There are 2 protein chains.
Amino acid sequence: MRIGDAAAAAGTTPRALRFYEQSGLLSPPRRSVAGQREYDRRDVARVRVIRELLSLGLTVADLRHCADRLDLLEGDALPPYGEPGVCAKPDGIARRRIAALDEEITRLARLRDGLAARIGNDVRE
Amino acid sequence: MRIGDAAAAAGTTPRALRFYEQSGLLSPPRRSVAGQREYDRRDVARVRVIRELLSLGLTVADLRHCADRLDLLEGDALPPYGEPGVCAKPDGIARRRIAALDEEITRLARLRDGLAARIGNDVRE
DNA sequence: TTAACCCCTGACCTATACGTCAAAGGCAAG
DNA sequence: CTTGCCTTTGACGTATAGGTCAGGGGTTAA
């Protein structure tokens, strides 16, 4: 499987796959004689995991910090709800991310209310 | 008043003042014979208004779209609460910004809950 | 063999609000 | 006159997740 097919199978683009590789989320795949990247189903599964975690708001840097654990999540789905020990490190990262999200939400809410007060709107609909 | 003093008086840096000028929020001030920018109290007041609106979450692009109205807000303070007609355009921009903030808050809250569910935390403490 | 499509690397682009650095000149005090 | 701080312009950096060329080469089917 070359990069275009692998990317399509994972629901993304060749550019993204090269980006994940360069970012340390994917190990460099083997190359064809001509130097073209070759992927298999496990690679595609891993990319799907990466994209799901990214879509949940984790950053590439977050995933890089636990890239070695990431393959533990590979398979048909992520472990249901707290399979003990299996992805402790990602869990910690997710928790920190949640805390950061809470902070950001609070900050934006304060901004919103400040602006609303400034123009004399009701605060919160 | 040269740029350093004006910036200090407005609670910011020379770099920021040049940036506001370049961004179209401040009209180019007169220059000394040697080419140095000269500011007065009204300039400082305007910069304070700019900084207050930026701190409320408006962007430089927002302010540029109503830069001509911005001087209507200059003085000791922003008009209290909906002085009619005085800053209609900024008001509209502020309202759009509030809507954008609401969207963003909702988006982040959804992410937060998705992540929390993923690791089996209680949703919302 | 040639069209048509795929892949390679490297470099620049996006938005935000400035910070930092560099080279060169201005200004006031000693 | 010199020291030292201030100012000028322009260029590059910051963080995110890739997008978009550009120039070159691989692959495949007719």
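Quick note on labels: first sequence line is chain A, next is B, and so on, each numbered from 1. Since we're looking at a predicted model, the values are computed, not measured.
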Next item on the list: Determine, stepwise, if the pair Arg46(B) / Tyr39(B) fulfils side-chain hydrogen bond (donor to acceptor under 3.5 Å, both in side chains).
Entry: CA-CA 11 Å; Arg46(B) 186 182 173 100; Tyr39(B) 298 91; over 6 Å; no
Next item on the list: Counting heavy atoms from C-beta on, name the nucleotide in dT27(D), dC18(C), dT7(D) closest to the side chain of Gln36(B).
Entry: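 Within the option list, the nearest is dT7(D).
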Note to self: Checking contacts here: which listed nucleotide (dC27(C), dT7(D), dG18(D)) is nearest the side-chain heavy atoms of Ile3(B)?
What the structure shows: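 Between dC27(C), dT7(D), dG18(D), the one nearest the side chain of Ile3(B) would be dT7(D).
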Distance, rounded to the nearest Å, where [X] contributes [atom1] and [N] contributes [atom2]:
X	N	atom1	atom2	result
Met1(A)	dT27(D)	CE	C1'	17 Å
Leu17(B)	dC18(C)	CG	P	10 Å
Glu21(B)	dC18(C)	CD	P	15 Å
Arg2(B)	dA28(C)	CZ	C1'	9 Å
Ile50(B)	dT16(C)	CD1	C1'	16 Å
Gln22(B)	dA11(D)	CD	P	11 Å
Asp5(A)	dT27(D)	CG	P	14 Å
Arg15(A)	dC21(D)	CZ	P	13 Å

Next item on the list: Hey, could you give me the CD1/CZ distance between Ile50(A) and Phe19(A), rounded to the nearest 0.5 Å?
Entry: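 Reported value, rounded in 0.5 Å steps: 10.5 Å.
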Next item on the list: Measure the CG-CD distance between Leu56(A) and Glu52(A) for me, rounded to the nearest 0.5 Å.
Entry: 5.5 Å
Note to self: OP1 or OP2 of dT8(D) versus the side-chain N and O atoms of Arg37(B): is any pair under 4.0 Å?
What the structure shows: yes
Note to self: Is it true that, when you exclude Arg41(A) itself, more than 12 heavy atoms of the residues, nucleotides or ligands shown sit nearer than 6.0 Å to its CZ?
What the structure shows: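 No, because the 6.0 Å sphere around CZ of Arg41(A) holds 12 heavy atoms or fewer from other groups.
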Under 4.0 Å, heavy atoms only, any strand: does [X] hit a base, just the sugar-phosphate, or nothing?
X	value
Arg18(B)	base
Ser23(A)	nothing
Thr12(B)	nothing

Margin query: Need to verify one output field. Residue with the more 5' nearest nucleotide on DNA chain C, Ala34(B) or Pro14(A)?
Written below: Pro14(A)
Check: For DNA chain C, whose closest nucleotide is more 5', that of Thr13(B) or that of Arg31(A)?
Finding: Arg31(A)
Check: Which atom names give the shortest non-hydrogen contact between Arg51(A) and Gly11(A), and what distance separates them?
Finding: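 That closest heavy-atom pairing would be NE-O, 3.9 Å.
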Can you pull every protein N or O that's under 3.5 Å from an N or O on nucleotides 15-17 of chain D?
from, atom 1, to, atom 2, distance (Å)
dA17(D), OP2, Val60(A), N, 3.3

Check: Do any N or O atoms from the side chain of Asp40(A) and from the backbone of Asp43(A) form a donor-acceptor pair under 3.5 angstrom?
Finding: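 Confirmed, Asp40(A) side chain pairs with Asp43(A) backbone.
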Next item on the list: Give the intermediate values and the outcome of salt bridge (charged side-chain N to carboxylate O under 4.0 Å, His left out) for residues Glu21(B) and Arg18(B).
Entry: CA-CA 5 Å; Glu21(B) 180 184 333; Arg18(B) 293 188 199 104; over 6 Å; no
